[in-house]
*Asks:* 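Dumping the structure here so I can ask a few things about it.
Each chain gets a letter, A, B and so on, in the order the sequences are listed, and its residues count up from 1. Computed from a predicted model, the values in this text were never measured in an experiment.
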Protein chains: 4
Amino acid sequence: MKKEKILEAAEELFAEKGYEGTSVRDIANRAGVNIAMISYYFGSKEKLLESLIQYRAGYTSDLLDALKKNPDDHPVHKIEKVIDLYVDRILTHHRFHNIMSRQLSMISEKKIKDQMIEIKKQNLEIIKKIIEEGQRKKIFRKVDIELTVATIIGTISQVTLSKSFYCQLMHIPEISFDEYSMRIKSRVKKHLKKLIITYLTCDME
Amino acid sequence: MKKEKILEAAEELFAEKGYEGTSVRDIANRAGVNIAMISYYFGSKEKLLESLIQYRAGYTSDLLDALKKNPDDHPVHKIEKVIDLYVDRILTHHRFHNIMSRQLSMISEKKIKDQMIEIKKQNLEIIKKIIEEGQRKKIFRKVDIELTVATIIGTISQVTLSKSFYCQLMHIPEISFDEYSMRIKSRVKKHLKKLIITYLTCDME
Amino acid sequence: MKKEKILEAAEELFAEKGYEGTSVRDIANRAGVNIAMISYYFGSKEKLLESLIQYRAGYTSDLLDALKKNPDDHPVHKIEKVIDLYVDRILTHHRFHNIMSRQLSMISEKKIKDQMIEIKKQNLEIIKKIIEEGQRKKIFRKVDIELTVATIIGTISQVTLSKSFYCQLMHIPEISFDEYSMRIKSRVKKHLKKLIITYLTCDME
Amino acid sequence: MKKEKILEAAEELFAEKGYEGTSVRDIANRAGVNIAMISYYFGSKEKLLESLIQYRAGYTSDLLDALKKNPDDHPVHKIEKVIDLYVDRILTHHRFHNIMSRQLSMISEKKIKDQMIEIKKQNLEIIKKIIEEGQRKKIFRKVDIELTVATIIGTISQVTLSKSFYCQLMHIPEISFDEYSMRIKSRVKKHLKKLIITYLTCDME
DNA sequence: AATGAATGAGAATTCATTCAT
DNA sequence: AATGAATGAATTCTCATTCAT
């Protein structure tokens with residue numbers, strides 16, 4: 001459908017060149033539609049971004065569902081699972097993740113910002129609940145939950161946003177994100193699981 | 001000096017509204033100079049960004065110097081010190097950090113990207129050396145160093161870029177970045193130190 | 001009927017915002033019909049204006065009929081009656097009068113202009129005949145008939161077109177045209193009758 | 001000067017095709033300047049109209065001065081003089097008069113409307129004072145002054161706005177406004193003087 | 001008969017840059 | 001060295017109209 005074509009072209013271009021750096025002409029060209037269609041369908045460039053957020057926001061709920069399937073899992077197992085899911089998800093939706101990261105750190109329309117904050121809140125809640133459950137069961141120790149979530153998301157984000165940096169580190173030329181994702185995914189999962197589980201379960205002091 | 005005024009106005013505006021979202025007219029107005037001055041001094045908007053990067057890149061070296069002062073420190077102490085330094089530095093230069101984060105995740109001029117990657121490489125090297133020293137001294141265990149650095153930078157980044165998200169979480173209205181920084185800085189330092197040192201020193205498996 | 005709905009919406013909007021300032025989308029919205037209907041029914045925006053003129057032109061004939069009812073009236077009485085009728089008519093159809101006034105003073109389609117000139121000619125003829133009759137009966141003196149008609153129509157026009165000016169003069173806020181009409185109507189009639197009858201009947205020189 | 005060139009081109013085109021019917025491209029072309037110059041000089045099309053009003057508004061004061069030269073003139077003489085001046089002025093500035101007439105009868109920007117109302121108020125005051133002086137000297141009888149002014153301005157307006165109508169009446173083809181003005185000017189002056197002076201001085205009832 | 005989808009042309013405005021001084 | 005004036009290109013968006021159904 002044409003509306004979807006536009007949304008997907010917009011996502012690609014916003015990710016590549018930024019929201020401001022992308023013209024509606026670019027989007028129309030990539031989507032193979034008339035320029036006027038974008039105003040016709042979405043009203044304006046800004047509302048197109050809002051629509052894109054709503055269009056992509058949906059995928060959060062799947063995650064929650066996946067975790068709810070085995071409610072009796074061990075908290076460590078749940079943490080491992082949630083890390084797997086988040087790494088997969090952010091790397092899969094890296095384009096949307098890029099757009100969100102950038103837009104959130106800018107002065108932008110309140111409505112757009114609020115939509116993004118809502119998504120981040122849901123993410124936080126999911127992980128928070130798992131950690132709290134582990135703490136209640138005396139399996140996890142006391143930690144700064146918000147910042148622990150920041151560490152998980154921040155680490156994945158860092159890897160996602162700095163593809164060109166890590167490519168250069170690994171002495172490989174600029175590759176497609178899918179290739180990059182394949183090379184780095186399991187490494188990130190392994191690192192994060194070890195890091196977070198050590199942190200949550202190791203009793204030092 | 002006028003050149004500095006322009007660079008600082010550019011930094012503020014690029015951070016607030018993005019590189020593409022900022023017009024040279026905006027910059028000239030905020031800097032209180034004639035519009036033509038920007039082309040006159042820097043050649044073009046793009047070269048102004050390059051100049052800004054070079055202008056700000058310098059501050060990395062200070063960091064290195066600070067660490068070199070006590071070469072015989074205990075690796076744990078060195079890690080603590082480097083975390084303090086990075087948190088301070090990124091929060092102080094949050095505007096420049098924002099600009100870099102955003103620009104690095106976009107398709108942008110090779111020259112600009114290379115400058116940014118160079119800065120990131122220096123950061124990596126500094127921390128890498130400390131961790132490797134700790135490993136040689138059998139104080140730190142074997143870890144994925146690149147991703148551990150990604151975790152440190154990623155966590156600080158996350159806190160820096162998502163001010164509006166964390167403001168909302170803490171139930172406070174949008175405040176200035178300086179106020180935000182004051183409220184969050186020690187918390188981030190504490191979390192990161194505990195996290196990274198636990199990870200590097202706890203022997204579990 | 002839908003065609004009428006469109007014509008009335010068009011009249012309102014053309015009066016409020018001018019022909020060029022009104023979009024067919026506006027008209028369709030106000031009329032509560034599909035945008036395509038306007039081209040479908042009328043062919044084009046321009047032909048819609050033509051249709052509107054024809055739709056409204058009809059009301060002139062009523063006037064003529066009203067005057068013909070008492071053919072033996074005294075010319076002074078006839079003049080009074082014609083002034084009453086014109087004031088009533090222009091104030092009632094102020095929207096259409098506005099549209100005509102504006103369009104006539106512009107370079108516009110010949111066909112549209114000719115339609116409007118035709119209406120004005122009929123108006124002129126009606127009054128002209130009464131004055132000439134009065135002159136034949138030696139009740140009215142010799143005057144420049146065309147310009148006397150210009151004075152009658154011009155005075156009513158002035159009051160009709162400058163509502164906001166007269167509102168401000170009378171120290172009242174912007175009111176609906178109907179309210180304005182009620183306040184001003186009898187005053188205009190009284191003034192015009194006195195003016196024109198004095199002019200036509202007073203023998204000075 | 002270029003700014004004046006633009007203002008004059010705008011006046012011509014606004015008079016010919018209306019404000020909405022004129023594009024800034026048209027204006028730029030007729031003025032022989034770059035399109036961007038209009039935004040550069042005036043900010044926007046709307047502000048260009050505001051500037052035009054201010055640019056032309058000035059000529060009112062000349063009128064006042066002309067009347068003040070012979071303060072001891074007989075009121076009848078003053079009325080004759082003021083009619084001469086208004087006919088001359090409106091016919092000379094017919095373009096600006098057209099623009100004002102049209103814009104005043106539309107829903108337009110408050111600022112623009114207020115500027116126009118101000119001009120009309122000044123006109124009213126000038127004539128009002130003369131009539132009141134005549135009344136004080138028992139030369140003029142009691143009349144509705146506001147509407148008497150409406151009659152003077154309305155009559156001249158009618159002749160000015162309906163050129164094509166009067167051309168057709170006089171069985172002449174569409175001629176330039178200057179030619180039209182020459183043909184009609186003295187006729188209008190004669191008619192209006194006779195009309196108004198008869199009205200103000202004839203004691204009937 | 002009636003309409004939602006679609007479009008090319010054109011609207012006003014802003015852009016980064018250059019030029020003449 | 002410094003700048004006000006100027007500009008071509010590009011921006012987003014709206015326009016009246018047409019088309020397929």
*Asks:* Is the distance from OP1 or OP2 of F:dA10 to the nearest side-chain N or O of A:Arg25 less than 4.0 Å?
*Replies:* no
*Asks:* Roughly how many Å is it from CZ in C:Phe14 to C1' in F:dA16, rounded to a whole number?
*Replies:* 12 Å
*Asks:* Here's a test of your reading of the structure: between C:Thr22 and A:Tyr19, which maps to the more 5' nucleotide of DNA chain F?
*Replies:* A:Tyr19
*Asks:* May I ask you to verify if any side-chain N or O of B:Lys2 is less than 4.0 angstrom from the OP1 or OP2 atom of F:dT3?
*Replies:* yes
*Asks:* Atom CD of A:Glu4 to atom P of E:dA5: distance rounded to whole Å?
*Replies:* 15 Å
*Asks:* Only Watson-Crick and G-U wobble pairs with both distances less than 3.5 Å should count. Give DNA chain E in dot-bracket notation, marking inter-strand partners with |.
*Replies:* .||||||||||||||||||||
*Asks:* Given the ring of C:Tyr41, does C:Lys47 sit roughly above its face, with NZ or CZ under 6.0 Å from the centre of the six-membered ring and within 45° of the axis?
*Replies:* no
*Asks:* Within 45 degrees of the ring normal and closer than 6.0 Å to the centroid, is that where the cationic atom of C:Lys120 sits relative to D:Phe165?
*Replies:* yes
*Asks:* Applying side-chain contact (heavy atoms from CB on, under 4.5 Å), run through D:Leu48 and D:Val24 and close with a yes or a no.
*Replies:* CA-CA 10 Å; D:Leu48 168 59; D:Val24 292; 5.7 Å; no
*Asks:* Give a yes/no verdict on a cation-pi contact between A:Lys2 and A:Tyr40, requiring under 6.0 Å between NZ or CZ and the six-membered ring centre and an angle within 45° of the axis.
*Replies:* no
*Asks:* Within this structure, what is the NZ-to-P distance between A:Lys17 and F:dA10, rounded to whole angstrom?
*Replies:* 12 Å
*Asks:* For C:Ile27 and F:dT17, give me the distance from atom CD1 to atom P, rounded to whole Å.
*Replies:* 10 Å
*Asks:* Do B:Glu50 and B:Tyr55 have a side chain donor and acceptor closer than 3.5 Å?
*Replies:* no
*Asks:* Does C:Lys113, at its NZ atom, have more than 12 non-hydrogen atoms belonging to other residues, nucleotides or ligands within less than 6.0 Å?
*Replies:* yes
*Asks:* Contact list please: residues 29-47 of chain A against DNA chain E, heavy atoms, distance less than 4.0 Å, in numerical order.
*Replies:* A:Asn34, A:Ala36, A:Met37, A:Tyr40, A:Tyr41
*Asks:* Does atom NZ of C:Lys45 have more than 12 heavy-atom neighbours from other groups under 6.0 Å away?
*Replies:* yes
*Asks:* Which residue lies toward the 5' end of DNA chain F, A:Asp26 or C:Ser23, if each is placed at its nearest nucleotide?
*Replies:* A:Asp26
*Asks:* Going by ring-ring contact (aromatic ring centres under 6.0 Å, His included), name the residues that satisfy it together with D:Phe177, two or more places apart in sequence or in a different chain.
*Replies:* D:His94, D:Tyr180
*Asks:* Would you mind telling me which of C:Arg30, C:Arg102, C:Lys163, C:Arg95 makes a salt bridge (charged side-chain N to carboxylate O under 4.0 Å, His left out) with C:Glu16?
*Replies:* C:Arg30
*Asks:* May I have the distance from B:Glu20 (atom CD) to E:dA16 (atom C1'), rounded to whole angstrom?
*Replies:* 12 Å
